[in-house]
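Shown next, in structure tokens, is the structure this report addresses.
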Amino acid sequence: MSNIHAAFNLNFANTGTRAFSMAIDITVPGAGITAIFGPSGSGKTTLLRCIAGLYRATGTVNVNGTVWQDEGVFIPTHRRPLGYVFQDANLFSHLNVRGNLAYASKRAQSPVTASRHARILEVLGIENLLDQPATSLSGGEQQRVAIARALLINPELLLMDEPLASLDIARRQEILPYLEAMHAEFNLPVLYVSHAVDEVSRLADHVVVLEAGRVTAEGEVGELLAHLNTPLQSADDAGVIVNARITERDEKWHLIRAEFAGGAIWLTDNGEAVGTDVRIRIMARDVSLAASEHADTSILNRLPARVSGIREDPHGPTCLVQLAIGNEHLLARVTRRSVAHLNLEVGATVWVQVKSAAVAH
Amino acid sequence: MAWEALWLTARLATTVTIILLIIGTPLAWWLARTRSFWRVPVGAIVAMPLVLPPTVLGFYLLIALGPNGPLGTVTQALGLGLLPFTFWGLVVASVLYSMPFVVQPIQNAIAALGDRPLEAAATLRAGPMDRFFSVVLPMARPGIVTASVLGFAHTVGEFGVVLMIGGNIPGETRVASIQIYDHVEALEYAQAGELSLIMVIFAFIVLAGLYLYQNKHPHAGMTFGPRP
């Protein structure tokens, strides 16, 4: 059976300043990127360390049919077919980049082929760094080397512990495309710990939400992002993911048309070929609502939708409105006054306006 | 005469340093990493020569290695004979006496590495022995260099233990420090002065060289005493 099952029960009573307990039992798809999402202190890293065997806790780990840990069974970390990317690269300081990569290649149980080896270096853009000492690299470069090193072990499961958290925003933007390329190119199950909605929505296929050592939500990323009441939506950057296909290019105005189940929207042309499948992220703050269709507006995308849920922000003047368009859902962040003014309620029909220039894809 | 004593001293210090690196490195690794209750008593025993008068250590060794002592019985049974007043008796005594100077720098260097490089190595399929040789030893190298230099120099400089366990046999146990003492007893101040000057120059060069090395490797683990 192709899935990853992990169950742990931990109790740290009175260690340090606070007690921490974790009771987690998850089964996630054995392919694609699964994000383990939650605020700091929710137990994400602890869970990942337990799965890797770096932290010895009683529990069960079963990866695509192989038992890594169970009652009476504990395979030590160095015999688990995993790759691990630490929060800060954790390269060996006594070796240069080539040495760090060779450390993995030499010990891989079934080493990657030469062509894949070359491809890994290429995808992560580190071919030119090989002879540099590990300590002379920038944070972003170190992390890319660390990811390549983990891939060269040819793991059956890649565990990534907030690989971008120790980097500044510019570096994060520098690495994200590499991670997306890795996802697209190497068909490898990944558990990706993160507390950034942005990373989760760009990378993940599946999401597990943790809070205080408990699973509070779990599901396919698009589904979960379209929900009103997950912690994913409490942040300022609430938004949804829509899987769409580019169907048309408007050369004159530099726009492309992305079609999804239930509608289509125009996006700024970033060179995607017609016929490509894309994942677009529509932020709640870029979506506005109108009672009727307005043609005299700068907003290109106007779609009829049905209100399928409304959640008031308990601390502010805004509401998050969930809208059904065909099978897809969008979220809109609007003021409570507008909700009252437009008489919005579940079941009402509205026109959704999405700003083309703002949509990321 | 002087060269015989110096050559013996060099041989003794080299032998002791090699033995200490072989047994001291795993011991330092264990002391740095274990959470066992035994860490404290074992650490204290290793450090004891730092505070004990050398004569105390020499006295106990003399008894233990003697014909009726527990170690003496063993060496006789193994056909090695009795060790006191032999070169190998000096080696045993010096290994114990110089132990803290070798174990503690290595222990500090390993403790300073922390868990993280070892965890990274474990996720890269390196087992415990592999981790020790591929990560711990190379990363703790400055500490190991410091330990070798200090172990060697300290063995060269010892006197009390040697006098107790080795006596004063030319070419066998009469090391430089004993030779100087002999010269002074015999009122041969010129020879004593010559040998003493050689020792002073040796000590200065060794320590200056070590500090120079440590300037280049600031985390060499020069500090002594149990880890905090």
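The analysis underlying the following values was restricted to heavy atoms, covering all of them including side chains, and did not include hydrogens, waters or symmetry mates. Protein chains get the first letters and strands the later ones, always in sequence-line order, with residue 1 at the start of each.
In the displayed structure, B:Tyr60 atom OH is contacted under 6.0 Å by at most 12 heavy atoms of other residues, nucleotides or ligands. Within a 6.0 Å sphere centred on CD of A:Glu71, heavy atoms belonging to other residues, nucleotides or ligands number 12 at most. Annotation: A:His206, atom NE2; neighbour count of heavy atoms from other residues, nucleotides and ligands within 6.0 Å is above 12. In this structure, A:Glu122 places its CD atom where more than 12 heavy-atom neighbours from other residues, nucleotides or ligands lie under 6.0 Å away. B:Arg141 CZ: 12 or fewer foreign heavy atoms inside a 6.0 Å radius.
The minimum heavy-atom distance between B:Ser134 and A:Tyr103, with the atom names listed, is OG-OH, 2.5 Å. Taking every heavy atom of both residues into account, B:Ala120 and A:Phe86 meet most closely at CA-CE1, 3.7 Å. Taking every heavy atom of both residues into account, A:Arg79 and B:Arg125 meet most closely at O-NH2, 3.8 Å.
Contact check for B:Asp115 versus A:Leu54: no side-chain heavy atoms found under the 4.5 Å cut-off. A 4.5 Å side-chain heavy-atom check between A:Arg107 and B:Asp130 finds at least one atom pair inside the cut-off. Side-chain contact between A:His78 and B:Arg131 is present, with at least one heavy-atom pair separated by less than 4.5 Å. Counting only heavy atoms from C-beta outward, the side chains of A:Tyr84 and B:Glu119 never approach each other to under 4.5 Å.
With chain B as partner, the option from A:Asn90, A:Thr77, A:Leu82 having the largest number of non-hydrogen pairs under 4.5 angstrom is A:Asn90.
Looking at A:Arg80, only its backbone comes within 4.5 Å of chain B, counting heavy atoms on both sides. With a 4.5 Å cut-off on non-hydrogen atoms, A:Pro76 does not touch chain B at all. Using a 4.5 Å cut-off between heavy atoms, A:Ile153 contacts chain B through its side chain alone, with no backbone atom that close.
Taking OG1 of B:Thr123 as the reference point, atom CZ of A:Arg149 lies at 6.5 Å (rounded to 0.5 Å).
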